[in-house]
Structure formats: C-alpha cells, structure tokens
Amino acid sequence: MRRKKTILAALLAAVLAVLTACGPRIYEPAGEPTGVESLDAAVLTLLQELCDPKAGLEENLGIVYDWVRDEIAYRAGAEDTSGGFTDELTAALAEAMLSKRRGNCDGEAALMAVLLRRMGCESVVVQGTFTREDGQEVDHAWVIARVGEVCRHFDPLYERYYTENADRSCFLGTDADFLTTHSWQQADYPACAE
C-alpha cells in the first residue's frame with residue numbers, strides 16, 4: 001500500500017510538472033520600467049495582452065507597432081519639445097497617450113519609445129519633418145530604436161495617414177527608406193543602415 005502511494009504521488013507530481021510547463025506563459029519584457037508607477041503598470045499590462053511569450057522580438061515589435069498604428073488616433077495639438085524629449089516629458093506624453101488613445105505625433109512617438117524601451121530596445125524620439133503630398137514640410141516626431149545589432153525607424157502615425165496603412169511600410173525602416181519622405185538632423189541620431 002505504501003509503495004502504491006509513493007508511485008501515485010510521483011505520478012501526480014509528474015503530471016503537475018507537465019501541466020505547469022505547458023500552461024500559459026506570460027510575456028516578460030526585457031527592458032526596464034520608466035519609474036513612473038502608473039505608466040509602468042499600464043505599459044506592462046498592454047505588453048502582456050499583446051505580446052506572445054513564445055514569439056521572437058521582431059514579431060512582438062510588429063504586434064506592438066500594429067497596435068499603435070491601429071488604436072491611436074491623431075489629434076492636433078502642440079507640445080513644448082524645445083528642450084528635447086527628456087525622460088520626464090516622454091513619460092508624461094506616453095501616459096497621456098495611453099489613457100486618451102489620441103494625441104499628436106509627439107505623444108505617439110513618446111508612447112512608441114516607452115513601449116520599445118520596455119521591450120528591451122534602446123529608443124530615441126526623432127524630431128524632424130515629413131513632406132506631405134502637396135510638398136509642404138511638416139514638423140514631425142517618430143522613433144529610432146536599436147533592434148539587436150542595428151537601429152531602425154518606427155513611424156506608425158505616418159503610415160496610418162500617408163501610406164494608406166501600407167503593411168508596415170514605416171516599421172523597421174532604414175535611413176534610405178525614410179529619406180524619401182522624412183528629414184532629420186542625421187548626425188544627431190543613430191544611423192539606420194542597411
């Protein structure tokens with residue numbers, strides 16, 4: 001009888017181990033939080049809802065990019081970014097964007113940067129311009145992030161409104177890709193080479 005109990009206990013432990021290993025895993029982002037408790041909680045919740053813990057970084061970056069492109073709406077407004085995108089300004093703009101789900105390019109770029117950083121990709125908000133169809137230069141902001149060994153451009157807002165939502169046309173872009181429509185002080189930002 002004692003031997004049966006031992007075998008049953010071992011079998012039960014093995015079944016529990018298999019169920020635990022096969023159970024749903026939660027996405028654990030590789031990057032550091034911002035230090036703003038409410039923003040960090042909202043970002044973690046969003047990333048855990050969106051990202052697949054079994055997927056690679058690039059696949060999850062695409063999922064997050066698509067969410068920003070599809071779920072955030074543009075609302076005109078002006079932010080004072082004359083001092084650059086400090087950590088404090090970036091966090092404040094990202095938090096406002098997450099709660100309202102609408103804002104201007106500065107807020108959307110700040111949100112994209114915070115999400116990418118939390119996913120483990122060093123990111124910087126780029127201050128530059130883009131050229132509209134009528135040839136007019138418009139002030140604009142987007143993100144450059146280090147993905148693995150290379151830096152790449154991310155601009156879901158431009159894609160949403162100026163490329164007819166072309167499938168990820170402004171995702172993981174190189175400088176050459178972006179120079180046809182965007183302008184920025186290239187010496188001030190990481191190069192996004194081929």
Side-chain angles (χ1 to χ4, degrees), residues 24-36 39-74 85 87 90-91 93-99 101-128 130 140-182 184 186 189-194:
R25 291 189 343 204
I26 296 174
Y27 176 76
E28 293 296 335
E32 295 296 318
T34 65
V36 177
L39 174 60
D40 293 335
V43 164
L44 181 61
T45 298
L46 178 63
L47 291 176
Q48 288 181 334
E49 286 174 7
L50 295 175
C51 295
D52 181 351
K54 297 174 189 165
L57 176 62
E58 191 171 317
E59 184 178 343
N60 280 324
L61 289 173
I63 291 167
V64 170
Y65 175 89
D66 291 347
W67 183 88
V68 172
R69 183 195 61 211
D70 299 341
E71 299 299 325
I72 301 297
Y74 180 77
F85 279 82
D87 289 343
T90 301
L93 291 173
E95 189 164 31
M97 187 63 75
L98 265 180
S99 68
R101 304 283 166 100
R102 64 184 182 279
N104 63 16
C105 61
D106 297 328
E108 188 164 315
L111 174 60
M112 193 82 224
V114 166
L115 291 168
L116 293 171
R117 289 172 188 165
R118 188 66 174 100
M119 294 175 77
C121 298
E122 239 177 84
S123 301
V124 60
V125 175
V126 179
Q127 292 179 280
F130 72 87
H140 188 50
W142 67 95
V143 175
I144 291 177
R146 179 169 296 286
V147 180
E149 298 299 314
V150 297
C151 291
R152 292 290 180 251
H153 293 268
F154 294 77
D155 193 352
L157 185 144
Y158 184 86
E159 181 177 315
R160 181 184 324 116
Y161 292 108
Y162 293 96
T163 67
E164 299 175 10
N165 278 333
D167 190 33
R168 295 187 181 168
S169 63
C170 297
F171 170 70
L172 296 176
T174 64
D175 287 344
D177 297 331
F178 270 58
L179 281 170
T180 60
T181 53
H182 294 64
W184 65 100
Q186 289 178 287
Y189 299 97
C192 300
E194 294 292 330

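Predicted, not measured: the structure shown is a model, and the values here were computed from it.
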Could you check whether any side-chain heavy atom of Val126 comes within less than 4.5 Å of a side-chain heavy atom of Phe85, counting everything from C-beta outward? no
Evaluate side-chain contact (heavy atoms from CB on, under 4.5 Å) for Trp184 paired with Leu179, printing each intermediate quantity in order. CA-CA 9 Å; Trp184 65 100; Leu179 281 170; 3.8 Å; yes
Sequence neighbours left out, what passes side-chain hydrogen bond (donor to acceptor under 3.5 Å, both in side chains) with Asp40? Give chain and number order. Thr34
Does the side chain of Ile72 come within less than 4.5 Å of Arg160's, by heavy atoms? yes
List the residues meeting side-chain contact (heavy atoms from CB on, under 4.5 Å) with Ala96, not counting sequence neighbours, and say none if there are none. none
Can you tell me how far CZ of Arg102 sits from CE of Met97, rounded to the nearest 0.5 angstrom? 10.0 Å
Contacts of type side-chain contact (heavy atoms from CB on, under 4.5 Å), residue Asn60, not counting sequence neighbours: Tyr27, Cys51, Asp52, Ala55, Ile63, Met119
CD (Glu58) with more than 12 external heavy atoms under 6.0 Å: no
All heavy atoms of Leu93 vs all of Ala110, minimum pair found to be CB-CB, 3.6 Å
Donor-acceptor pairs are to be reported for all side-chain atoms of residues 143-155 against protein atoms at under 3.5 Å, with residues two or more places apart or in another chain.
from	atom 1	to	atom 2	distance (Å)
Arg146	NH1	Glu149	O	3.3
Arg152	NH1	Ala193	O	2.6
Arg152	NH2	Ala193	O	3.2
His153	ND1	Trp142	NE1	2.9
His153	NE2	Asp175	OD1	2.7
Asp155	OD1	His140	NE2	3.2
Asp155	OD1	Tyr158	N	3.1
Asp155	OD2	His140	NE2	2.7
Asp155	OD2	His182	NE2	2.7

Check: Gly107 main-chain N/O paired with Asn104 side-chain donor or acceptor under 3.5 Å: yes
Are any non-hydrogen side-chain atoms of Leu57 and Cys121 less than 4.5 angstrom apart? yes
With ring-ring contact (aromatic ring centres under 6.0 Å, His included) as the rule and sequence neighbours excluded, what pairs involving residues 41-63 come up? none
State which residues pass side-chain hydrogen bond (donor to acceptor under 3.5 Å, both in side chains) with Thr181; sequence neighbours excluded, sorted by chain then number. none
Only counting residues at least two apart or in another chain, list the ones meeting side-chain contact (heavy atoms from CB on, under 4.5 Å) with Ala176. Thr174, Glu194
For a quick test of your reading: what N or O donor-acceptor pairs under 3.5 Å do the side chains of residues 111-118 make, sequence neighbours left out?
from	atom 1	to	atom 2	distance (Å)
Arg117	NE	Ser123	O	3.1
Arg117	NH2	Ser123	O	2.9
Arg118	NH1	Gly31	O	2.3

What's the spacing between Thr90 OG1 and Glu95 CD if we round to 0.5 Å? 12.5 Å
Taking all non-hydrogen atoms of both residues into account, name the closest pair between Tyr189 and Val125 and its distance. CE2-O, 3.5 Å
Please enumerate all residues that pass side-chain hydrogen bond (donor to acceptor under 3.5 Å, both in side chains) together with Tyr65, with sequence neighbours excluded. Glu159
Keeping the roles fixed (side chain from Thr45, backbone from Ala42), state whether a donor-acceptor pair exists under 3.5 Å. no
Taking only residues two or more places apart in sequence, or in another chain, which ones meet Glu32 in a side-chain contact (heavy atoms from CB on, under 4.5 Å)? none
May I ask you to check whether over 12 heavy atoms, not counting those of Glu71, lie within 6.0 Å of atom CD? yes
Check salt bridge (Lys or Arg N to Asp or Glu O under 4.0 Å) between Asp66 and all other residues, then give those that pass, not counting sequence neighbours. Arg69, Arg168
